[in-house]
Amino acid sequence: MISFDEALACLRAFVSPLGSETVALAGASHRWLAEDIVSRIASPRHTVSAMDGYAVIERGISVGKAIPVVGEARPGHAFDDQLGIGAAVRIFTGAPLPGGADCVIMQEYAEREGDEVRFREGHGPSRHVRERASDFDTGTVLVPAGRRLDPQALVAAAAADVGAVRVHRRPQIALVATGDELAEPGKAMDSPRAIPDSITHALAGLIERQGGSVVTRHRAVDDLPALEQLAGDLLASADLVVVTGGASVGERDFAKPMFVAHGLELTFDTVAIKPGKPVWLGRAGGALVMGLPGNPTSAMVTARLLLVPLLARLQGGDGAHRWRNLPLAAMLGATGGRETFARACWDDAGLVPIGNQDSGVQGGLARADWLIRCPPGQAELHAGTVVQALTF
């Protein structure tokens with residue numbers, strides 16, 4: 001059994017990015033970049049006005065003196081002539097500055113009468129001009145490889161005049177929930193000994209949100225020959241098989257044995273964390289295999305801690321967690337001998353641990369949006385204590 005940090009380090013070393021493909025920018029949202037996005041144009045492309053007003057040569061104007069308005073400039077429509085001293089061009093925000101102009105006087109300081117304009121006191125000292133390439137120039141790396149294309153990154157990509165991007169392929173994921181007792185949600189009440197499969201739909205949603213594609217989903221009974229056949233089919237069609245349940249050492253725990261016939265090689269087998277000790281990672285038949293506990297709370301915690309970084313690594317991300325130091329708003333109980341990840345929710349005063357931290361609790365999971373990292377043997381902590389936490 002290894003520590004959580006050791007398991008995460010093994011995972012990051014063991015998992016490599018998948019191949020890449022070129023996709024249109026319109027279909028690249030939340031994909032992971034395989035190549036830098038380099039600007040094809042400057043921003044702004046020309047020196048432009050930062051305000052609506054009048055473009056002038058500053059030394060050629062006097063407060064209260066009327067000067068002629070010789071034209072107009074709008075975004076996409078420049079004033080093409082050279083501007084002379086003692087003249088003005090009506091200009092709008094984003095329009096190219098006329099040749100010769102060095103200043104834009106805001107319209108709030110202007111009094112227009114026909115083809116002439118006067119300027120009032122107080123219009124300076126700001127010039128209200130954005131110089132060419134003051135944001136970025138041609139050839140600038142705007143979004144580096146390994147970055148996920150969130151909305152902010154898509155703005156930069158589009159501003160670079162990039163219509164298509166090179167991204168890592170979306171991982172193809174097969175999900176298997178093992179257990180004779182599992183039934184499709186909505187059908188469990190039809191059998192007195194059935195329980196709803198409350199993890200598969202949640203894992204599918206998490207995988208899709210993290211950029212993976214769930215290509216198949218199964219509930220399988222605890223029959224080893226049938227599971228071995230299913231494993232062979234899934235390994236041939238997926239980059240990663242995620243199996244829940246059957247991770248202990250009982251006579252009916254087949255999550256690892258079902259892959260042994262296909263050459264299972266384990267990277268790690270059990271991690272010293274609570275909840276989620278039975279989590280494991282390996283490779284079989286050319287695909288990755290991750291085993292999560294059958295308990296839904298344990299499965300979701302370990303999925304956040306280890307499956308999310310695995311999916312990031314497959315798509316070119318670094319797989320590192322972004323921990324935050326946040327205050328407790330309520331008491332947090334002492335922990336035992338394993339590193340513990342306590343579920344908590346956020347309120348205005350800080351993190352509030354949910355009342356029942358048992359790994360079998362499912363109803364309370366809906367309230368949990370943070371995981372608090374607790375070292376082994378941590379004493380009871382009081383409100384106001386700063387702790388390490390991760391979004392759940």
Side-chain angles (χ1 to χ4, degrees), residues 12 16-58 71-83 89-104 106 126-171 208-213 308-309 311-322:
R12 295 173 67 188
S16 301
L18 299 172
S20 61
E21 59 185 357
T22 299
V23 300
L25 191 62
S29 179
H30 291 101
R31 300 291 296 272
W32 295 74
L33 279 177
E35 293 180 357
D36 295 343
I37 292 179
V38 179
S39 59
R40 300 174 65 231
I41 60 174
S43 177
R45 295 187 72 182
H46 312 278
T47 298
V48 299
S49 174
M51 293 287 179
D52 291 348
Y54 292 86
V56 298
I57 299 172
E58 190 171 19
E72 182 178 280
R74 293 176 283 121
H77 298 276
F79 177 80
D80 292 326
D81 295 334
Q82 191 77 5
L83 181 65
V89 167
R90 177 70 166 123
I91 196 166
F92 297 90
T93 303
L97 206 68
D102 61 5
C103 178
V104 173
M106 295 169 60
S126 297
R127 295 171 54 236
H128 304 302
V129 170
R130 294 192 182 107
E131 298 290 341
R132 180 197 173 277
S134 57
D135 186 2
F136 57 83
D137 207 346
T138 304
T140 302
V141 175
L142 291 186
V143 190
R147 167 73 184 270
R148 199 174 186 195
L149 286 170
D150 56 20
Q152 297 91 319
L154 287 172
V155 168
D161 197 32
V162 168
V165 290
R166 194 77 181 167
V167 295
H168 288 284
R169 183 170 59 81
R170 293 186 69 190
E208 294 285 348
R209 189 176 67 193
Q210 297 300 322
S213 177
V308 168
L311 292 170
R313 288 291 297 146
L314 286 173
Q315 297 171 89
D318 62 11
H321 287 307
R322 306 294 186 257

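FYI, side chains are in, hydrogens and waters are out, and symmetry mates aren't considered; it's all heavy atoms of this structure. Note that the numbering runs from 1 along the sequence shown for the chain.
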ask   = For the residue pair D52 and F92, what are the closest heavy atoms and their distance?
value = OD1-CA, 3.4 Å
ask   = Are Q152 and D150 close enough that some pair of their side-chain heavy atoms sits under 4.5 Å apart?
value = yes
key: Check against side-chain contact (heavy atoms from CB on, under 4.5 Å), I91 and E72   = CA-CA 6 Å; I91 196 166; E72 182 178 280; over 6 Å; no
task = Would you sort out whether E208 and R170 count as a side-chain contact (heavy atoms from CB on, under 4.5 Å), showing the intermediate values?
result = CA-CA 10 Å; E208 294 285 348; R170 293 186 69 190; 3.0 Å; yes
task = Kindly indicate, with the supporting measurements, whether the criterion side-chain contact (heavy atoms from CB on, under 4.5 Å) is fulfilled by R31 and H168.
result = CA-CA 7 Å; R31 300 291 296 272; H168 288 284; over 6 Å; no
request  = Answer yes or no: is there a donor N or O on one side and an acceptor on the other, between the side chain of R90 and the main chain of G53, under 3.5 Å?
outcome  = yes
inquiry  = Could you walk me through whether L149 and L33 satisfy the side-chain contact (heavy atoms from CB on, under 4.5 Å) test, starting with their C-alpha distance in whole Å, then the side-chain angles of each, then the deciding distance to 0.1 Å, before giving a yes or no?
reply    = CA-CA 7 Å; L149 286 170; L33 279 177; 4.0 Å; yes
note = Heavy atoms of A133 and A42 approach each other most closely as CB-CB, 4.0 Å
task = Kindly say whether S39 contributes a backbone atom to a donor-acceptor pair with the side chain of T140 at under 3.5 angstrom?
result = no
remark   = Between the OG1 atom in T93 and the NE2 atom in H128, the distance rounded to the nearest 0.5 Å is 10.5 Å
inquiry  = Using every non-hydrogen atom in the two residues, find where D161 and R40 come nearest and quote the distance to one decimal.
reply    = O-NH1, 2.7 Å
query = With no hydrogens and no angle check, is any side-chain donor or acceptor of R148 less than 3.5 Å from a backbone partner on H30?
reply = yes
note = Rounding to 0.5 Å, atoms CG (L154) and CD1 (I37) come to a distance of 7.5 Å
ask   = Testing Q315, R169, R166 for side chain to side chain donor-acceptor pair (under 3.5 Å) with S20, which one passes?
value = R166
ask   = Could you state the interatomic distance from CG (L311) to CG (L18), rounded to the nearest 0.5 Å?
value = 10.0 Å
task = State, to 0.1 Å, how close G100 and I57 come at their nearest heavy-atom pair, and which atoms those are.
result = O-CG1, 3.2 Å
message = Please give me the minimum heavy-atom distance between P75 and A95, naming the atom from each residue.
response = N-CB, 3.7 Å
query = R147 versus W32: any side-chain heavy-atom pair under 4.5 Å?
reply = no
inquiry  = Checking the side chain of D36 only, and the main-chain atoms of A145 only, is there a donor and an acceptor separated by less than 3.5 Å?
reply    = yes
ask   = When rounded to the nearest 0.5 angstrom, what is the spacing between CZ in R74 and OG in S49?
value = 14.0 Å
key: Heavy-atom pair with the smallest gap, counting every atom of L314 and S16   = CD2-O, 3.6 Å
